[in-house]
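In what follows, a single structure is set out as structure tokens and then discussed.
Treat the numbers as computed from the prediction; the structure is a model and nothing was measured.
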Amino acid sequence: MTATDVPVSAEGNPIGFGRMLRKEDARFLRGRGKYVDDVQLKGMLHGAILRSPFAHARIVSIDTSAAEAHPKVKAVVTGAVLETLNLAWMPTLSQDTQSVLVTDKVRFQGQEVAFVVAEDHYSARDALDLIEVEYEQLPAVYDAKKALDADAPAIRDDLDRPDAPHPNHIYDWEAGNKEHTEEVFANAEVVVTQEMLYPRVHPAPMETCGSVADMDPVSGKLTIWTTTQAPHAHRTLYALVAGLPEHKIQVISPDIGGGFGNKVGIYPGYVCSIVGSILTGKPVKWVEDRSENLMSTSFARDYHMTGAIAATRDGKIQGLKVDVLADHGAFNGVAQPTKYPAGFFHIFTGSYDYDAAHCNVKAVYTNKAPGGVAYACSFRVTEAVYLVERMVDCLAQELGMDPAELRMKNLLQPEQFPYTTPTGWEYDSGDYPRALNKAMEIAGYDALRTEQAEMRRAYEAGESQNLMGIGISFFTEGVGAGPKKHMDILGLGMADGCELRIHPTGKGVIRLSVQSQGQGHETTFAQIVAQELGIPPEDIDVVHGDTDNTPFGLGTYGSRSTPVSGAAAAVVSRRVRDKARIIAAAALECSPDDLEWEPGRWFVKGDPDRGQTIQEIAMAAHGSLELPEGVEGHLDATAVYDPPELTYPFGAYICVTDVDAGTGQVKVRRFIAVDDCGPRINPMIVDGQIHGGLADGIGMALMELIAFDSNGTNLGGSFMDYLLPTAMECPSYELGETVTPSPHHPLGVKGVGESATVGSPAAVVNSVLDAIQIRAADMPLTPAVVWRAMQGSPLRNDLAIE
Amino acid sequence: MQVPETFDYERATSVDDALALLAKHGDEARLIAGGHSLLPMMKLRLAVPEVLIDINDIAGLDHIRIEGDEIAIGAMVRHAALKDSALLFEHYQVFRDAESVIADPLVRNRGTIGGSFCQADPAEDLSAVGSALRGSCVITSVEGTRTVPMRDFHQGPYETAVADGEMLTEVRFPIRPGSGSAYEKVERRIGDWAVAAVGAFVQLDGDVVSDVGLGLSAVRAPHYTIPEAEEALRGKPATRENFEVAAQLCHDLCDPTSDQRGPSDYKRHLARELTLRALTRSAARARGEDS
């Protein structure tokens, strides 16, 4: 069905797919969203966390007596207190353990040391200054490249790992065919090798993380309002970690002000608020401040990559290999399916046709905050796309070939799908050349190249300091984790439940396991029901973010909501439609086989006037109508959707930059993004997702960075230091689309939440490097980084600038 | 949310009132104007004043006017007013240049020229403009007023000539017929502090630079300037070669430190490049060739 023939509801909304304003915006635009920090409970107390000023230091002593004497302080919790509850450590999502409050030594700057509960937020903060901690400072591992040096201090002396090659070694993981790859490289006409850093960045959602825990001392029920993208996973984890009975835990994730993967994991502050409530018998609120968010919660990336690409002299890519040094910080707290310690990084072969590929990922501990899979990365597809798209540009430069021509020559062709990559992914569908052609057409690619040549001529003649760059990135993502035979998190299979109930009057409620952080689920999931049942989207209420009122599922991250829960919503809608058919047949006194569906109505084949609308059927389902044997009343359905495969959205991006060669300043002039995410449920929301992701990409490429100095001090701990892009840095985006439906998703949709974040950084970097004609420089391309690259003395961005 | 320590709050309604409150509370009191530097420092608990004396209600410190051969600017004039002032733009385009790259509109609506000068952040933009224009600062105390040359006002990072019990009430700049001025700044992102920035005025007598002023921010130029570069250019023809000599002196004589905004060699490079650009644009404006 095309957008033009979708029926329109009384309120002017499409009864199905199409543009419509977001239902949730009515409250957001009026300032009536309700976030965790808006939760006010009777007698509620306030928590604050004392954090370590040092990156690596042994705790000699902690004296909390002065803080406890503060008249408004109700409790001071330390690691020693938690040890008595067996809560001083908790499992991470990567089979590691993580300190809740320190017991032995701090392992990163900003680590949680003590938790104060007081009558108000100000007093809790004041009392932190009254806690006396004596630290014995230890040398910090601040450079991942030195983490495995013989004399590197052991960070995780709490672990008993006699077989580890080095105490700071976490794992080596590989994918692909090493032998074949080496052979291809040995015989290749051209091999280009390039080191690159995808530096540590942070999702930095507008709302920081927090929780309000309320343990009812009588019923023993814990209610926790918290910033989580995965309410059900959190509930199960609390049950496993704290030994609380799962049916007596209610996790409520109210309105969430951005997640981007930052709100997947469980943070010590959440556990502390629970402990605080248990100790005081009162609700306890803890909401971190901006610096706490930037310094202690899930960072992203931090991949040191050495790539090599092999090709023929005329530009046929033959192989790609990469060695990664992955900096995981002090605890391996990466969130991803269990079987994939490096996430989906081995999708790094990208969108091109060759059969030789190999990667090795070596992960190390450093004295930095834990995390690693966040910031809309699609489980490290971001790093993978960056690697391959930078390598292709390096190859183009080596061959003296236009980067668009080189890509066009190597892109997978439509007839090759389904396509199995050399590292084992099965891409479901795609028409890559069509997308790249479309992007080049929107960009006016040839005219841009002409303009660029003229600007370069003027620059070389000393007439101007302005250069221009054109950068391309072509990406393929694998999203929608995932088939539960392959994918689980802590043993929980990644299938999603869904429940749909149509009320007697034909209005409905759909209950989801996933949780929006701004993606517009309340609108798009209503539109899915509308598409399948012909009920106006305004008549469908979407319930999510409350474990007592929604079915189980793994949550919203990795662009999985539409691929997994969206499919579940389609399945329940179809089940309701099937049940409606039986009920309509009973009402119309005909056989269900005689009925035909049109949006919102079953009617008798050949007699279109004889029919029942879904609203009439809903009333009949709850009424006195006699139903056939075996058909229960009411109009509802449930489903659990276990995706058969991932979906594979893709896109072609072109970024045009202007570079001031005299200062190194970069201005993004244009950004063209052609995305193929299959059919678009709500094109406006998709555009919004892409806009946000492009801003992310421009931010990472040009300014966002968390570096550490030689003391292990975090140099990106505030928005004065951690720069996010503004409207001033972002051009008016030029979007295009192609539509290649997923063959196995019931709606053909593929997920788009992370596409632009994944695809755009390489386009920006390729563009800047194209302007200054330098093979490599690492993100973020600040003026200093660009200028230094032009001087031939590049900066190392993960370390302090000295 | 980051929250400050407990403090008392007083609201002054006149300069005399503010001075009396300063006298009453001693050196633990801080004046607060726009608050866009002080409040973040308090929230980070880097500043812990016991008393804030709010001077936003004081009338008569928000003027921009010509007095004789000077422009007088009240200490409470907001950045936004400096940016929008036609009078100021007529005489010194440098203000609009600089104000366009200072922070963001929200900050510019609150922050004041007096607050900027008194904060004396070494990467501050307006202080570099003030130094380039060699203005003067009017400081008021219960004893009366005294006027301090701009280049004596800033005595080091976060240090000014304002003593306990005093407040800055006005800033004055000489009018220079036949001059043009400009501000050039490199920042990592709109609204960030300068990696380096240079403000300049060039006064022309025919083709000769009869007077010149340079103000440099974020490159550890004492009093935000390099007087040797000005001297090298004064009385010389306004040519690119002569501008380059001055720019090179700024490169050589500034003393930037490396930080996350950039390494020192890059900042030195910017001192030269931005000085050259600021002088070139100032001269063009003096000739009426650039807006």
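Between A:Gln665 and B:Glu187, the side chains place no donor N or O within less than 3.5 Å of an acceptor N or O (distance only, hydrogens not considered).
Of the atoms belonging to A:Glu288, it is backbone heavy atoms, and not side-chain ones, that fall under 4.5 Å from chain B. Looking at B:Leu276, neither its backbone nor its side chain comes within 4.5 Å of chain A, counting heavy atoms on both sides. For a residue to count as touching a neighbouring chain, one of its non-hydrogen atoms must lie under 4.5 Å from one of that chain's; by this rule B:Asp259 touches chain A with the backbone only. The parts of A:Ser291 that come within reach of chain B are both its backbone and its side chain, each placing non-hydrogen atoms under 4.5 angstrom from that chain. Contacts of B:Val186 with chain A are made by both backbone and side-chain atoms, with heavy-atom separations under 4.5 Å. The contact between B:Pro4 and chain A is made by backbone and side chain atoms together, counting heavy-atom distances below 4.5 Å. Neither the backbone nor the side chain of A:Leu781 comes within contact range of chain B; no heavy atom of the residue lies under 4.5 Å from a heavy atom of that chain. Proximity to chain B (any heavy atom under 4.5 Å) is shown, for A:Asp37, by neither the backbone nor the side chain.
With hydrogens and angles disregarded, a donor-acceptor distance shorter than 3.5 Å links the side chain of B:Arg189 to the backbone of A:Leu724. In this structure a side-chain-to-backbone donor-acceptor pair under 3.5 Å is missing from B:Gln260 to A:Asp721. Put simply, the side chain of A:His121 gets close to the backbone of B:Met1: a donor and an acceptor are under 3.5 Å apart.
A side chain to side chain contact (heavy atoms under 4.5 Å, CB included) with B:Arg188 is found for one member of A:Leu723, A:Leu705, A:Val785 and no other, namely A:Leu723.
Atom CE of A:Met703 sits about 9.5 Å away from atom CD1 of B:Ile190, to the nearest 0.5 Å. Distance check, rounded to the nearest 0.5 Å: OH of A:Tyr122 to OG1 of B:Thr6 gives 9.0 Å. We find the CH2-CE distance between B:Trp193 and A:Met720 to be 7.0 Å, quoted to the nearest 0.5 Å.
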(message) The test is salt bridge (charged side-chain N to carboxylate O under 4.0 Å, His left out); show your working for B:Asp265 and A:Arg788 and say whether it passes.
(response) CA-CA 9 Å; B:Asp265 60 346; A:Arg788 271 295 200 88; 3.0 Å; yes
(message) Quick one, A:Gln465 with B:Arg277, criterion side-chain contact (heavy atoms from CB on, under 4.5 Å). Give me CA distance, side-chain angles, the key distance, then yes/no.
(response) CA-CA 12 Å; A:Gln465 288 181 295; B:Arg277 291 184 184 191; 2.8 Å; yes
(request) Check the pair B:Glu273, A:Thr663 against side-chain hydrogen bond (donor to acceptor under 3.5 Å, both in side chains), reporting the backbone distance first and the verdict last. (result) CA-CA 7 Å; B:Glu273 180 68 26; A:Thr663 62; over 6 Å; no
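With a 4.5 Å cut-off on side-chain heavy atoms, A:Glu292 and B:Gln2 do not count as touching.
By number of non-hydrogen pairs under 4.5 angstrom with chain A, the leading residue of B:Glu5, B:Arg45, B:Lys43 is B:Arg45. Ranked by heavy-atom pairs under 4.5 Å with chain B, the first of A:Met728, A:Glu802, A:Glu729 is A:Glu729. Put simply, of A:Asp129, A:Leu702, A:Ile801, A:Thr208, the one with the most heavy-atom pairs under 4.5 Å next to chain B is A:Ile801. Chosen from A:Asn797, A:Asp126, A:Thr782, A:Val287, the residue pairing most often with chain B at heavy-atom distances under 4.5 Å is A:Asp126.
For B:Arg287, the CZ atom sits in a packed shell: over 12 heavy atoms of surrounding residues, nucleotides or ligands are nearer than 6.0 Å. At most 12 heavy atoms of other shown residues, nucleotides or ligands fall within 6.0 angstrom of atom CG in B:Asp207.
Closest of all the heavy-atom pairs between A:Ala784 and B:Gly262 is CB-CA, 3.7 Å.
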